[in-house]
Amino acid sequence: MSPRINSQADIENVSLFQETKSILQDNNIKLKKKYGQNYLIDSFKRKKIINFANLNNEDTVLEIGSGIGTLSLEIAKKAKKLIAIEQDPIIYNILRKRIKDNGIDNIELINEDALNTDFPKFNKIVSNLPYQISSPITFKFLEYNFDLAILMYQKEFAKRMKVNVSTKNYSRLSAMLYFKGNVEFLDDLSPKAFFPPPKITSTVIKLTPKEKHPEMSIINNEYTKIAKALFQHKKKKVINALIDSRHEIGYSDKKELRSILNKYDLAIFNEKVIATSPEDILGLSIAIKDIIK
Ligand SMILES: C[S@@+](CC[C@H](N)C(=O)[O-])C[C@H]1O[C@@H](n2cnc3c(N)ncnc32)[C@H](O)[C@@H]1O
């Protein structure tokens with residue numbers, strides 16, 4: 001069915017859709033679900049996403065999952081340099097050719113799994129992320145120094161990034177991000193903005209790293225393990241969640257851990273996990289750090 005055209009934005013969208021379709025057809029590509037290959041075909045949203053990053057000619061931008069270059073070629077026009085990482089070798093080769101055909105010389109294109117490669121130096125990130133790596137790639141970003149990241153996720157995932165203690169979206173992710181980054185919701189994109197359309201709505205967020213929390217820098221390991229253990233049992237009391245996820249903090253014997261924990265007289269043990277703030281979890285991590293293996 002031909003798309004309905006009402007405005008200039010519609011015309012641009014149709015042309016981005018046609019361009020995407022013809023690149024895929026010319027290369028005999030069937031997009032792969034396992035790589036999260038839903039390509040942006042809404043040129044108005046593309047412009048908006050790139051504008052959110054406020055790019056200038058001193059920026060080195062990192063893009064994870066560059067696909068056929070829908071964002072990449074536009075980012076490269078505004079930034080000093082783009083480092084684009086694409087795992088699928090066939091899609092990587094298509095983009096490599098597009099870069100060459102367009103005479104672009106400021107894109108470093110890397111054919112790797114972004115989770116298993118060190119990122120070259122960058123100061124901004126702009127990415128329509130492959131949804132299946134949302135969580136690990138977000139934590140990986142936070143290991144690097146950068147000014148800001150404009151990132152697109154599944155809406156349900158994005159909602160879990162902000163801390164709302166005692167709500168159903170409060171999660172390990174929000175508890176981890178609380179100390180590491182500020183999250184600002186910027187925009188939503190309907191499935192129609194992508195080809196093929198995914199089943200879900202997407203959300204664009206701005207992530208800005210926070211100053212290192214002084215206590216978190218010494219307790220990060222213990223906090224990470226404890227948060228992982230706790231949020232597997234969000235509705236349980238803290239002590240029971242720790243015992244039930246004892247393998248996350250280095251124990252296999254339930255009785256042994258219970259008797260160790262019973263030596264601590266901590267009020268937080270009787271709180272429900274969902275009601276404990278990141279600050280509470282930090283306090284717990286400091287209190288029991290010596291028993292975390
Ligand atoms: C949602 S698409 C975005 C493509 C393009 N940036 C756009 O906006 O249309 C995600 C891309 O990430 C790639 N990808 C998936 N897993 C990856 C990984 N672990 N490392 C690098 N790229 C990956 C996919 O092949 C796909 O091209």
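Along the sequence shown, the residues carry numbers beginning at 1. Indexing begins at 1, ligand by ligand and atom by atom, following the structure's order.
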### Task
Give yes or no for whether the N/O distance cutoff of 3.5 Å, strictly under, is met between Ala114 and ligand 1.
yes
### Asp113 neighbourhood, listing ligand 1 atoms whose heavy-atom distance to it stays under 4.0 Å
18 (C), 19 (N), 20 (N)
### Summary
The single option from Asp147, Leu62, Asp59, Asn145 that satisfies side chain to side chain contact (heavy atoms under 4.5 Å, CB included) with Phe122 is Leu62
### Message
Starting from atom 12 (O) of ligand 1, what is the nearest protein heavy atom, named by residue and atom, and what distance separates them?
### Response
Gly65 CA, 3.0 Å
### Query
Do any N/O atoms on Ile91 end up under 3.5 angstrom from N/O atoms on ligand 1?
no
### Task
Work out whether the distance between some heavy atom of Arg46 and some atom of ligand 1 is less than 4.0 Å.
no
### Query
Among Glu86, Lys45, Glu63, whose heavy atom sits nearest atom 13 (C) of ligand 1?
Glu86
### Task
Note the single closest protein heavy atom to atom 15 (C) of ligand 1, along with its residue, its atom name and the distance in Å.
Tyr35 O, 3.1 Å
### Message
Within the structure, is a non-hydrogen atom of Met152 found at a distance of less than 4.0 Å from ligand 1?
### Response
no
### Query
Is the number of heavy atoms from other residues, nucleotides or ligands within 6.0 Å of NZ (Lys199) greater than 12?
no
### Message
I want to know if ligand 1 touches Tyr39 in the polar sense, i.e. an N/O pair below 3.5 angstrom.
### Response
yes
### Query
Out of Ser127, Gly36, Pro130, Gly67, whose heavy atom is nearest to atom 2 (S) of ligand 1?
Gly36
### Query
Centre of Phe269's six-membered ring, under 6.0 Å away, within 45 degrees of the axis: is that where NZ or CZ of Lys237 sits?
no
### Task
Taking the six-membered ring of Tyr170 (Phe, Tyr or Trp), confirm whether the NZ or CZ of Lys162 is under 6.0 Å from its centre and within 45° of its axis.
no
### Message
Looking at Glu19 and Arg98, is there a salt bridge between them, counting it only when a charged N and a carboxylate O are closer than 4.0 Å?
### Response
yes
### Donor on one side chain, acceptor on other, Ser252 and His247, under 3.5 Å
no
### Message
Out of all atoms in ligand 1, which are within 4.0 Å of some heavy atom of Gln132? Include the element for each.
### Response
15 (C), 16 (N)
### Task
Consider only side-chain N and O atoms of Ser285 and Glu222, and report whether a donor and an acceptor are under 3.5 Å apart.
no
### Message
Can you confirm if the aromatic rings of Tyr144 and Phe119 lie within a centre distance of less than 6.0 Å?
### Response
yes
### Query
Between Asn38 and ligand 1, is there a nitrogen or oxygen pair with a distance under 3.5 Å?
no
### Task
Using a strict 4.0 Å cut-off to heavy atoms of Leu40, name the atoms of ligand 1 that fall inside it.
7 (C), 8 (O), 9 (O)
#### Entry: Glu112: numbered ligand 1 atoms lying under 4.0 Å from its heavy atoms
20 (N), 21 (C)
### Query
Less than 4.0 Å between a side-chain N and a carboxylate O, is that true for Lys236 and Asp244?
yes
### Message
Side chain, backbone, both or neither: which applies to Ile133 and ligand 1 if a contact is any heavy-atom pair less than 4.0 Å apart?
### Response
side chain
### Sub-3.5 Å N/O-N/O distance, Leu129 and ligand 1
no
### Message
Is it the case that the side chain of Lys34 and the backbone of Gln132 share a donor-acceptor pair, with hydrogens and angles ignored and the cut-off at 3.5 Å?
### Response
no
### Query
How close does the nearest protein non-hydrogen atom get to atom 23 (C) of ligand 1, and which residue and atom is it?
Gln87 CB, 3.7 Å
### Message
Tell me whether Glu143 is salt-bridged to Lys140, with the criterion being a basic N under 4.0 Å from an acidic carboxylate O.
### Response
no
